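These numbers come from a predicted model, not from an experiment. Every chain is numbered from 1, with letters handed out A, B, ... down the list of sequences.
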Protein chains: 2
Amino acid sequence: MKNDRPRIRDVARLAGVSTATVSRVLSNPGVVSQQTRASVQNAIAATGYRLNEAARNLRHRRTGGIVALVPNLANPFFAQILSGIASVLGPAGYNLLIADTGPDGAGRLLDYAEPSRADGLIVLDGALPAHALTGRIPLVEACEWVPGLSAPRVKIDNRAAAGLAVDHLADLGHRRIGHVAGPPGNVLSIARLGGWRDRLSARGLTPDEAAIWQGDFSLDSGQAAAAEWLAQPPGQRPTAVFLASDAMACGFIAEVQRHGFTVPRDLSVVGFDDIELVSHVSPPLTTIRQPRWMIGRVAAERLLRRLETGDTLDDDTILPVELVVRGSTAPPAPGV
Amino acid sequence: MKNDRPRIRDVARLAGVSTATVSRVLSNPGVVSQQTRASVQNAIAATGYRLNEAARNLRHRRTGGIVALVPNLANPFFAQILSGIASVLGPAGYNLLIADTGPDGAGRLLDYAEPSRADGLIVLDGALPAHALTGRIPLVEACEWVPGLSAPRVKIDNRAAAGLAVDHLADLGHRRIGHVAGPPGNVLSIARLGGWRDRLSARGLTPDEAAIWQGDFSLDSGQAAAAEWLAQPPGQRPTAVFLASDAMACGFIAEVQRHGFTVPRDLSVVGFDDIELVSHVSPPLTTIRQPRWMIGRVAAERLLRRLETGDTLDDDTILPVELVVRGSTAPPAPGV
DNA sequence: ATCCTGAATGCAACCGATTACATCACGCTT
DNA sequence: AAGCGTGATGTAATCGGTTGCATTCAGGAT
């Protein structure tokens, strides 16, 4: 039952050749004569032989696997990135291994950065310790990045993207524009907050520190931020809010709607990411679209290139974002 | 540079023992004497030796990997299931490999069901051909299932779950209750549609075939269904709709809202899945909660048990669902 | 003193392929 | 006829551990 899988030996015996020849037919058919090749192929078909990848990989000192380190697999944001990664890796003959860095933390992480586990690493989590990743297997970073880690990065210009959101709101006539930030310390939070500050200043609208609320990218934190917005005196409330994630934007909108406010009449809202649902909620969310699928693809391609050419460049690839204007933004109500 | 990784030989030499002893220290420390063990461990630390999993796996005739076959990785529905799977597999010493069955179809699929690729398979796609999966590596099915494939299944009672939704609406006083189904042929669609029919009949409300709309679980198809609902004469429109997915429910609600209808005043809506966002949209969606994370966990545990004990039982594990009543359902407007 | 037992360790085959190098047959040159 | 290049194939080492079996040695029983 277990031993019934034919091995290369069995094929060789049946075809009357050596295992070396069978191996050649498999991986370098050109060097084998027509006749021999045909009889080997017959033997393969007759035995139902299938190559044992593990053995080949051992000999080749590779694993055929690429690990993606995801901060939180349950977060749908990563689903599309992983999909993009998978779309490149599969056809290239690599397996995609997925590791959730969340619960077990950096402990197991070292195991995944082992050459015997995977040939390369795609890091989607900027909160990992740089020292755990340096000097190990080839890696690229996507979306987020670990400060101080030297690696190619595939990402968007978060600062400029935030600027797009601010510009849009300011162009509509808003002068008090708030911001709900991502988790403190997160590289994305910092960049987006920076973009918000920069762009406001550049347009002569002083960034009001009291109009910054701390979030963590989650729905609940958006809702909590809305509660703080509601608690402010009407005359001082921002007439528009830019949030560092769509999830927070949804939470925010639902909460203010629950309190009788209408978006965008009473408040304009811009999100970030353009996750699938937000074009179908009410009102459809104005947001910054991140090319998530493409980020995954490009990151995977970059890693494969590094594996093949062994290049050691730490280049950044910046992918374009897009402001998607939908129904959650409008000019401020007159007289507010 | 490449060959500088110490091998078990190097450790053995340094510790003055044979490779067999080092191997024993690694995998069966009990049989090695205190002294020897200590000196081997010192040697391991001194050399920075790390075990090569590929070699061990080759010898053990296992791969240490479990493949999850996902119909569409980009669909966030699966993210939480995968997270549950990962939470079991990681601590158990298995790698989680992910394969998207979408684009490349069943072609590559055979490769993943190879013993040299993975030790087991978790199938999340009910649309795969049974013949491609029978007689191959151990597998379990989760959520969906392939008719005719013999394997343990971890799922919910979709029929009864749909009944819960119908009961809730009927209890509120609705008598015309519509249904937006999933993709035709899908096992989940069929079961949920069946549950809708059964329960309506059981309560003496004749299921109206004209109140069934074809969807495909996607937001857009929910929106399309809403358009058909809107096209019906007001007096004949169902006053409540049960949709086979939350995504469709969101699309449906947004579309009717766009046409000036208010949920739940003019129409009650029940979704299916309880994906994260729907508790934060407006109105918060009444839906059937599927324990997605737990489905992933249980499926992974079931597979591991099968791998360890070699059992060959094709048992079904039915996980409980829950009706979550939120703001999208209410009694029908009087006089309608 | 001899035999036996069991614990600790070493030897070497093995997992299943790949591949550098050797070998061999054949045809062509000189 | 000897020499030689070329293409096809075989031999055997190798990737890096694991493990059945043999060996050694110490201590206890007879």
Side-chain angles (χ1 to χ4, degrees), chain A residues 1-41 43-44 47-65 93 111 114-119, chain B residues 1-41 43-44 47-65 93 111 114-119:
Chain A
M1 174 66 189
K2 286 259 173 175
N3 288 352
D4 61 354
R5 281 182 70 77
R7 294 165 300 176
I8 202 170
R9 248 210 241 19
D10 305 315
V11 176
R13 194 174 309 136
L14 183 60
V17 299
S18 73
T19 63
T21 300
V22 177
S23 178
R24 290 189 189 104
V25 170
L26 257 25
S27 43
N28 193 9
V31 303
V32 179
S33 75
Q34 283 287 346
Q35 288 197 3
T36 317
R37 198 189 314 162
S39 85
V40 167
Q41 261 148 0
I44 289 178
T47 54
Y49 169 76
R50 305 228 62 192
L51 178 67
N52 183 321
E53 308 257 358
R56 166 182 282 186
N57 287 342
L58 173 59
R59 183 65 227 245
H60 281 162
R61 294 170 154 203
R62 60 159 243 161
T63 71
D111 292 344
E114 271 300 296
S116 75
R117 269 286 185 78
D119 300 331
Chain B
M1 174 65 188
K2 287 258 173 176
N3 289 352
D4 61 355
R5 282 183 68 78
R7 294 164 302 175
I8 203 171
R9 249 208 233 33
D10 306 315
V11 177
R13 194 174 307 134
L14 183 58
V17 299
S18 72
T19 62
T21 299
V22 178
S23 178
R24 289 188 190 105
V25 169
L26 258 25
S27 42
N28 193 7
V31 304
V32 179
S33 74
Q34 285 286 346
Q35 287 198 6
T36 317
R37 198 190 313 162
S39 87
V40 167
Q41 262 149 359
I44 288 177
T47 53
Y49 170 76
R50 306 229 64 193
L51 178 66
N52 182 320
E53 308 257 358
R56 164 181 283 186
N57 287 343
L58 174 59
R59 183 63 229 242
H60 281 162
R61 293 167 155 203
R62 59 160 245 161
T63 71
D111 292 344
E114 271 300 297
S116 74
R117 269 287 184 78
D119 299 331

- Task: With the side chain of A:Ser23 defined as its heavy atoms from C-beta on, choose the nearest nucleotide among C:dT18, C:dC14, C:dG10.
- Result: C:dT18
- Heavy-atom distance under 4.5 Å between the side chains of B:Arg117 and A:Arg50, does that happen here? no
- Query: When you check the phosphate oxygens OP1 and OP2 of D:dG17, does a side-chain N or O of B:Tyr49 lie under 4.0 Å from one of them?
  - Reply: yes
- Item | Atom-to-atom span, CD of B:Glu114 to P of C:dG16 - whole angstrom | 13 Å
- Query: When you measure from the side chain of A:Ala55, which nucleotide among C:dA13, C:dG16, D:dT11 comes out closest?
  - Reply: C:dG16
- Message: What's the separation between atom CZ in A:Arg9 and atom CG in A:Leu14, rounded to the nearest 0.5 Å?
- Response: 15.0 Å
- Message: Check this for me: does any side-chain nitrogen of one of A:Arg62 and A:Glu53 sit under 4.0 Å from a carboxylate oxygen of the other?
- Response: no
- Item | Separation of D:dT9 P from A:Gln34 CD (nearest whole Å) | 11 Å
- Message: If the cut-off is 4.0 Å, is B:Ser116 near the phosphate of C:dG16, judged by side-chain N/O to OP1 or OP2?
- Response: no
- Any donor-acceptor N/O pair under 3.5 Å between D:dC15 base and A:Arg61 side chain: no
- Message: On DNA chain C, compare the nucleotides closest to A:Leu26 and B:His60; which residue's is nearer the 5' end?
- Response: B:His60
- Query: Can you tell which of D:dC15, D:dT9, D:dT18 lies closest to the side chain of B:Ile8?
  - Reply: D:dT18
- Output the single nucleotide from C:dT18, D:dA8, C:dA12 whose closest atom is nearest the side chain of A:Leu51. C:dT18
- Taking CG from A:Asn57 and C1' from D:dG16, how many angstroms apart are they, rounded to a whole number? 14 Å
- Would you kindly give the CG-to-P distance between B:Asn28 and D:dT18, to the nearest whole Å? 11 Å
- Message: Measure CZ/A:Arg117 against C1'/D:dG17 and give the value in whole Å, please.
- Response: 16 Å
- Among C:dA17, C:dT9, D:dG17, the nucleotide that comes nearest once only the side chain of B:Asn52 is considered: D:dG17
- Message: What is the distance, to the nearest angstrom, from the CZ atom on A:Arg7 to the C1' atom on C:dC15?
- Response: 9 Å
- Task: Drop me the distance from B:Ser116's OG to A:Asn57's CG, to the nearest 0.5 angstrom.
- Result: 8.5 Å
- Item | Base C:dG10 paired with B:Arg24 side chain (donor-acceptor, <3.5 Å) | yes
- Go through D:dG10, D:dG17, D:dG16 for me and flag the one nearest to the B:Leu58 side chain. D:dG16
- Spacing between B:Arg62 atom CZ and D:dT18 atom C1', to the nearest angstrom: 13 Å
- Message: Checking contacts here: which listed nucleotide (D:dC15, D:dG10, C:dT18) is nearest the side-chain heavy atoms of A:Ala20?
- Response: D:dG10
- Decide yes or no for A:Ser23 and A:Ile8: does some side-chain heavy atom of the first lie under 4.5 Å from some side-chain heavy atom of the second? yes
- Between A:Arg9 (CZ) and C:dA17 (P), how many Å, whole number? 9 Å
- Item | Nucleotide of D:dG16, D:dG17, D:dA8 approaching B:Arg56 most closely (side-chain heavy atoms) | D:dG17
